[in-house]
Student: 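Below is one structure. I have some questions about it.
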Amino acid sequence: MKASLYHYKTLRESPSEAELVSHKLMIRANMIKPLASGIYNWLPLGFKVLKKVENIVREEMDSSGCLEILMPMVQPKDLWDETGRSNEYGPELLGFRDRNDRDFYLGPTHEEVVTDIGRKEIKSPKDLPITFYQIQTKFRDEIRPRFGVMRAREFLMKDAYSFDIDEEAMKRSYQLIRNVYIKIFDRLGLDYRIVNADSGSIGGSSSEEFHVLADSGEDVLAFSDESDFACNVELIEEKDIGKIPGMPSPDGKGTLQIKKGIEVGHIFQLGDKYSKALGLKVQSDNVLKFLQMGCYGIGISRIVAACIEQNYDDKGIIFPKELAPFDITLILINQKNSSIVDDKASAFYEKLKHSGFDVLLDDRDCSPGVKFSDADLVGCPNQIVISQKTLDNDLYEIINRADLSKKELSESDLFAFFS
RNA sequence: CGGAGUGUAGCGCAGCCUGGUAGCGCGCCUGCUUUGGGAGCAGGAUGUCGAAGGUUCGAAUCCUUUCACUCCGACCA
């Protein structure tokens with residue numbers, strides 16, 4: 001992509017409403033633009049990153065055998081009355097009425113709809129196990145949206161739902177998806193923890209959350225310094241929270257410490273809560289059995305913000321390789337007055353593209369400082385400088401965004417460096 | 001919903017106290033010069049001063065109402 005043709009416009013100052021680092025940087029990098037409280041436009045650069053997260057999640061879900069579907073965002077209130085959640089979920093449900101006086105909600109989650117699909121599609125134990133998932137916009141009328149896309153009212157989520165014949169099988173499905181989640185978050189390059197958590201209004205017997213560790217996190221996690229034990233302190237009596245640091249771990253291994261986390265994934269063993277409420281059952285061994293369900297969420301848009309919370313410096317975002325909007329930014333110095341720089345860069349750009357790299361060619365007519373600053377701000381992992389100086393020596397200068405170290409390499413060394 | 005704050009050009013802000021018809025920096029447009037870490041000079045465009053009502057000869061400024069946005073809290077797969 002040529003920067004002159006891309007909507008590559010950054011802000012020097014962050015708007016006053018932004019408080020969180022990720023929110024400020026996303027706005028300065030022109031990734032997102034607010035439309036209303038908790039409702040955002042995703043502009044080209046931000047959308048590109050969002051799609052990278054989405055694609056990683058999709059790839060891993062697909063390869064584990066989950067089946068992608070797309071459920072409607074608009075859901076009939078009747079369905080929510082069947083499970084009783086139209087009351088339970090409360091004012092977070094944004095509803096409206098159609099021209100025939102039928103009530104609808106904008107979907108905050110899809111247990112009801114997917115269970116309805118289940119009772120229409122799953123007729124026999126032979127149809128099991130099966131897991132459906134979707135990547136789709138959710139709407140929750142949060143009491144207080146904040147922190148940009150971190151806690152937005154409208155946001156992008158991957159939600160998956162497993163169906164099994166009995167509890168044992170359900171637990172297997174749960175474990176399988178738990179492992180998929182581990183793969184996903186490893187690939188995303190995030191520092192995260194899996195913690196026991198409260199199931200809240202989704203319900204079910206047990207649930208675990210995936211948290212990206214960050215000081216700006218809204219959740220407080222307690223975990224052992226020697227074992228895998230970890231939990232969300234929402235499970236602990238408030239008066240006891242202060243006593244946690246230094247306490248022996250409940251599993252007997254190590255002592256507890258506390259860190260803040262951003263919840264980016266949550267997996268639940270739902271049991272038969274929804275299958276009973278909506279009558280989802282099949283005949284097995286001459287008896288009708290309610291299906292055992294699990295549900296599994298990942299906050300796609302939240303991950304973009306959480307990733308930035310974990311990867312930035314005073315110059316801007318430092319995207320991990322898998323999420324960077326571009327692999328390489330080519331920075332042209334004074335290309336306007338040097339046709340050699342211009343020609344060489346164009347040829348090199350094509351070559352990199354053909355080698356499979358996603359490259360941003362910064363051919364804008366502006367001073368080098370602007371290009372360097374913008375490249376640092378949007379956080380692509382590598383910058384390659386092309387100037388008369390480097391061309392005279394037949395070298396390319398490559399700058400590593402993470403530590404801003406510089407290296408001069410010949411073209412062949414450079415390709416070797418990237419492969 | 002309780003508490004606090006902010007709305008003035010695309011962004012950041014001043015002006016308001018003490019009423020006199022709107023300004024600064026960045027950005028944007030034009031031209032010339034410049035080009036290795038947010039360039040210089042010259043010229044230029046852009047505002048229903050969040051909205052409505054009131055007071056006044058006159059309101060960005062004072063009063064009332066209202067809307068939006070942000071922060072703290074409660075809340076939150």
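Keep in mind that what you see is a predicted model, and the values were worked out from it rather than measured. Every chain is numbered from 1 and lettered A, B, ... according to where its sequence line falls, protein lines coming before strand lines.
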Student: Is a side-chain donor or acceptor of A:S338 paired with a backbone partner of A:Q335 at a separation under 3.5 angstrom?
Tutor: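 It does not hold such a pair.
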
Student: If you measure from the C1' atom in B:A14 to the same atom in B:A4, how many Å do you get, rounded?
Tutor: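 To the nearest whole Å, 23 Å.
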
Student: Measure the CZ-CG distance between A:F96 and A:L106 for me, rounded to the nearest 0.5 Å.
Tutor: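 One gets 5.0 Å once the value is rounded to the nearest 0.5 Å.
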
Student: Using a heavy-atom cut-off of under 4.0 Å over every strand shown, decide if A:Q335 touches base, sugar-phosphate, or nothing.
Tutor: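 Since no nucleic acid heavy atom lies under 4.0 Å of A:Q335, the category is nothing.
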
Student: Inspect the contact between A:D365 and A:K336 and indicate whether a charged nitrogen and a carboxylate oxygen are less than 4.0 angstrom apart.
Tutor: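 Yes, charged N to carboxylate O under 4.0 Å.
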
Student: Using a 4.0 Å heavy-atom cut-off across all strands, classify A:I399 as base, sugar-phosphate, or nothing.
Tutor: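 Base: the residue A:I399, judged by heavy atoms under 4.0 Å, touches a nucleobase.
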
Student: Quick one: pull up OH in A:Y296 and CG in A:D159 and give me the separation to the nearest 0.5 Å.
Tutor: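 Answer for the OH-CG pair, A:Y296 versus A:D159, is 12.5 Å.
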
Student: Quick test of your reading of the model: are A:D403 and A:R401 salt-bridged, counting only N-O distances below 4.0 Å?
Tutor: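 Answer for the salt bridge query: no.
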
Student: Please name the nucleotide paired to B:G38 by Watson-Crick or G-U wobble geometry with both distances under 3.5 Å, or report none.
Tutor: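 Here B:G38 is not engaged in any pair, so there is no nucleotide opposite it.
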
Student: Determine the interatomic distance between P on B:C62 and the same-named atom on B:C41; round to the nearest Å.
Tutor: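 So the two P atoms sit 37 Å from each other.
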
Student: Using purine N1 to pyrimidine N3 plus N6-O4 or O6-N4 for Watson-Crick, or N1-O2 and O6-N3 for G-U wobble, each under 3.5 Å, what pairs with B:G53?
Tutor: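 Across any shown strand, B:G53 pairs with B:C63.
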
Student: Between protein and nucleotides 69-72 of chain B, what N or O pairs are separated by less than 3.5 Å?
Tutor:
residue	atom	partner	partner atom	Å
B:C69	OP1	A:S37	N	2.9
B:U70	OP2	A:S37	OG	2.9
B:U70	O3'	A:E17	O	3.4
B:C72	OP2	A:R144	NH1	3.3
B:C72	OP2	A:R144	NH2	2.5

Student: Can you measure A:D141 atom CG to B:C1 atom C1' for me and round it to whole angstrom units?
Tutor: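 Answer to the nearest Å: 13 Å.
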
Student: Under 3.5 Å for both donor-acceptor distances, Watson-Crick or wobble: does B:A22 have a partner, and if so which one?
Tutor: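 None - no nucleotide pairs with B:A22, as no candidate has both distances under 3.5 Å.
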
Student: Nearest nucleotide by nearest heavy atom, which residue falls closer to the 5' end of RNA chain B, A:P108 or A:R28?
Tutor: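 The 5'-side residue here is A:R28.
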
Student: Output one letter per nucleotide in nucleotides 40-47 of chain B: B when a protein non-hydrogen atom lies under 4.0 Å from the base, S when only the sugar-phosphate is that close, - when neither is.
Tutor: --------

Student: Check the pair A:F348, A:Y396 against ring pair (Phe, Tyr, Trp, His ring centres under 6.0 Å), reporting the backbone distance first and the verdict last.
Tutor: CA-CA 10 Å; A:F348 191 49; A:Y396 295 91; 4.2 Å; yes

Student: Tell me what A:T390 touches on the nucleic acid: a base, only sugar-phosphate, or nothing, going by heavy atoms under 4.0 Å.
Tutor: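 Base contact.
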
Student: Test of understanding: with salt bridge (charged side-chain N to carboxylate O under 4.0 Å, His left out), list the residues that count as partners of A:R146, not counting sequence neighbours.
Tutor: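 By the salt bridge (charged side-chain N to carboxylate O under 4.0 Å, His left out) rule, A:R146 matches A:E218.
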
Student: Could you tell me whether a side-chain N or O of A:D313 sits under 3.5 Å from a main-chain N or O of A:G316, the two making a donor and an acceptor?
Tutor: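 Between the backbone of A:G316 and the side chain of A:D313 there is a qualifying donor-acceptor contact (under 3.5 Å).
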
Student: Considering only the C1' atoms, how many Å lie between B:C13 and B:A60, rounded to the nearest integer?
Tutor: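 15 Å, rounded to whole Å.
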
Student: Write down the distance between CG (A:D362) and P (B:G37), rounded to a whole number of angstrom.
Tutor: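 Answer to the nearest Å: 15 Å.
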
Student: Could you tell me whether A:D62 and A:R58 make a salt bridge, using a distance below 4.0 angstrom between a side-chain N and a carboxylate O?
Tutor: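 Result for this pair is no, no salt bridge flagged.
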
Student: What is the nucleic acid contact for A:P15, judged by heavy atoms within less than 4.0 Å: base, sugar-phosphate only, or nothing?
Tutor: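 It contacts sugar-phosphate atoms only.
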
Student: From the list B:C75, B:A39, B:C76, which nucleotide is the closest neighbour of the side chain of A:I143?
Tutor: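 The listed nucleotide nearest to A:I143's side chain is B:C75.
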
Student: Please report the distance, rounded to the nearest Å, between CD in A:E234 and C1' in B:C75.
Tutor: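 That distance rounds to 12 Å.
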
Student: Using whole Å, what does the distance between atom P of nucleotide B:G37 and atom CG of A:L377 come to?
Tutor: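 To the nearest whole Å, that distance equals 18 Å.
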
Student: Spell out, as yes or no, whether a donor-acceptor pair under 3.5 Å connects the side chain of A:R97 to the backbone of A:D103.
Tutor: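 It does not hold such a pair.
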
Student: Nearest to the side chain of A:R151, heavy atoms from C-beta on, is which of B:G37, B:G38, B:C76?
Tutor: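 Taking heavy atoms from C-beta onward, the closest nucleotide is B:C76.
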
Student: Expressed as a whole number of Å, how far does the P atom of B:G27 sit from that of B:A39?
Tutor: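 Their P atoms lie roughly 8 Å apart.
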
Student: Could you tell me how far B:U18 sits from B:G37 if I compare only their C1' atoms? Round to whole Å.
Tutor: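 Straight-line distance between the two C1' atoms is 47 Å.
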
Student: Can you confirm if the NZ or CZ of A:K48 lies within 45° of the ring axis of A:F326 and under 6.0 Å from the centre of its six-membered ring?
Tutor: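 Here A:K48 passes the 6.0 Å and 45° test against A:F326.
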
Student: Closest heavy-atom contact between A:M170 and A:G294?
Tutor: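 In terms of heavy atoms, the two residues are closest at CG-N, 4.5 Å.
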
Student: In this structure, how many angstroms lie between the P atom of B:G37 and the NZ atom of A:K406, rounded?
Tutor: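 Roughly 8 Å, once rounded to whole Å.
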
Student: If you go through the side-chain atoms of A:D374, does one of them form a donor-acceptor pair with the base of B:G38 closer than 3.5 Å?
Tutor: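 Pair found.
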
Student: Considering every strand shown, what is the Watson-Crick or G-U wobble mate of B:C16 when both distances are under 3.5 Å?
Tutor: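 Because no pair has both required distances under 3.5 Å, B:C16 counts as unpaired.
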
Student: Between B:C32 and B:U21, how far apart are the two C1' atoms, rounded to whole Å?
Tutor: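 Here B:C32 and B:U21 have their C1' atoms 38 Å from each other.
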
Student: Tell me, please, which residues at least two apart from A:K33 pass salt bridge (charged side-chain N to carboxylate O under 4.0 Å, His left out).
Tutor: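 A:K33: no salt bridge (charged side-chain N to carboxylate O under 4.0 Å, His left out) contacts found.
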
Student: Do the charged groups of A:R172 and A:D164 touch, with an N to O distance under 4.0 Å?
Tutor: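 Between A:D164 and A:R172 there is no salt bridge, as every charged N stays at least 4.0 Å from the carboxylate O atoms.
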
Student: Using a strict cut-off of less than 4.0 Å between a Lys/Arg side-chain nitrogen and an Asp/Glu carboxylate oxygen, indicate whether A:K273 and A:E111 qualify as a salt bridge.
Tutor: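 The answer is no: the pair does not qualify as a salt bridge.
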
Student: When both hydrogen-bonding distances must be under 3.5 Å and the geometry is Watson-Crick or G-U wobble, what is B:G58 paired with, if anything?
Tutor: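 None - no nucleotide pairs with B:G58, as no candidate has both distances under 3.5 Å.
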
Student: State the pairing partner of B:U46; accept Watson-Crick or G-U wobble contacts with both distances under 3.5 Å, and report none otherwise.
Tutor: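 Paired with B:U46, as far as the under-3.5 Å criterion goes, is no nucleotide at all.
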
Student: Assign each of A:V385 and A:R302 to its nearest nucleotide of RNA chain B by heavy atoms, then name whichever residue's nucleotide is nearer the 5' end.
Tutor: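 Closest to the 5' end, via its nearest nucleotide, is A:V385.
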
Student: Output the rounded distance in Å from NZ (A:K24) to P (B:G12).
Tutor: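 Those two atoms, NZ and P, are 12 Å apart.
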
Student: Please list residues of residues 304-320 of chain A whose heavy atoms come under 4.0 Å from any atom in RNA chain B, ordered by number; otherwise none.
Tutor: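 Within residues 304-320 of chain A, no residue comes under 4.0 Å of RNA chain B.
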
Student: Rounded to whole Å, please give me the gap between CD in A:E88 and C1' in B:C76.
Tutor: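 Taking CD of A:E88 and C1' of B:C76, I get 14 Å after rounding.
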
Student: Does A:R153 come within less than 4.0 Å of A:D141, counting only side-chain N to carboxylate O?
Tutor: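 Result for this pair is yes, salt bridge flagged.
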
Student: Measuring only the P atom in each nucleotide, how far is B:U8 from B:G19? A whole number of Å is fine.
Tutor: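 My reading of the P atoms in B:U8 and B:G19 gives 23 Å.
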
Student: Provide the distance between the two C1' atoms, one in B:C49 and one in B:G7, to the nearest whole Å.
Tutor: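 Comparing C1' positions in B:C49 and B:G7 gives a spacing of 10 Å.
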
Student: Which nucleotide, if any, forms a Watson-Crick or G-U wobble pair with B:G27, using both distances under 3.5 Å?
Tutor: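 B:G27 is unpaired by these criteria.
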
Student: Enumerate the protein-to-nucleotides 23-34 of chain B contacts in which both atoms are nitrogen or oxygen and the separation is below 3.5 Å.
Tutor:
residue	atom	partner	partner atom	Å
B:G25	N2	A:E13	OE1	3.4

Student: Check whether any side-chain N or O of A:S355 sits under 3.5 Å from a backbone N or O of A:F357 as a donor-acceptor pair, and report yes or no.
Tutor: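 Here the side-chain-to-backbone pair does not exist.
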
Student: State the pairing partner of B:C71; accept Watson-Crick or G-U wobble contacts with both distances under 3.5 Å, and report none otherwise.
Tutor: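 Across all strands, the one nucleotide that pairs with B:C71 is B:G3.
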
Student: Starting at atom CG of A:L11, determine the distance to atom P of B:C11, rounded to an integer number of angstrom.
Tutor: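 Result: 9 Å.
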
